[in-house]
Amino acid sequence: MSTATLETAKHDFDALIRLVRNGEEVILTDYDRPVARIVPEGISPARKEEYLRKLRALRGILKRSPSFEREPDREL
């Protein structure tokens, strides 16, 4: 996650949009206080892969739990 001042956003909005297109979230600040967030539309491939990795890790933990009801393996 990146941060930028409102002044920077006024002068270099194209650079902020490039960051967002690459999956980065940008927090806009005014006098060091967050005032807005620019987020990408949808989920970036990198973030999607990160979520899947975390879900698989959680699934592994749950499988070791005695109360976990085993379902057939399938893609998350």
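Positions are given from 1 along the sequence. Computed from a predicted structure; not experimentally measured.
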Partners of [X] by side-chain contact (heavy atoms from CB on, under 4.5 Å), sequence neighbours excluded?
X	value
Asp12	Ala15
Ala4	Thr8, Leu16, Val26, Leu28
Arg37	Met1, Glu25, Ile27, Val39

Is there side-chain contact between Arg18 and Asp14, with heavy atoms separated by less than 4.5 Å?
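They are in contact (side-chain heavy atoms under 4.5 Å apart), so the answer is yes.
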
For Thr29, all residues meeting side-chain hydrogen bond (donor to acceptor under 3.5 Å, both in side chains), sequence neighbours excluded
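Here no residue qualifies.
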
side-chain hydrogen bond (donor to acceptor under 3.5 Å, both in side chains) involving Lys10 - partner list, sequence neighbours excluded
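By the side-chain hydrogen bond (donor to acceptor under 3.5 Å, both in side chains) rule, Lys10 matches no residue at all.
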
Walk me through whether Lys54 and Leu58 qualify under side-chain contact (heavy atoms from CB on, under 4.5 Å).
CA-CA 6 Å; Lys54 288 179 180 180; Leu58 178 60; over 6 Å; no

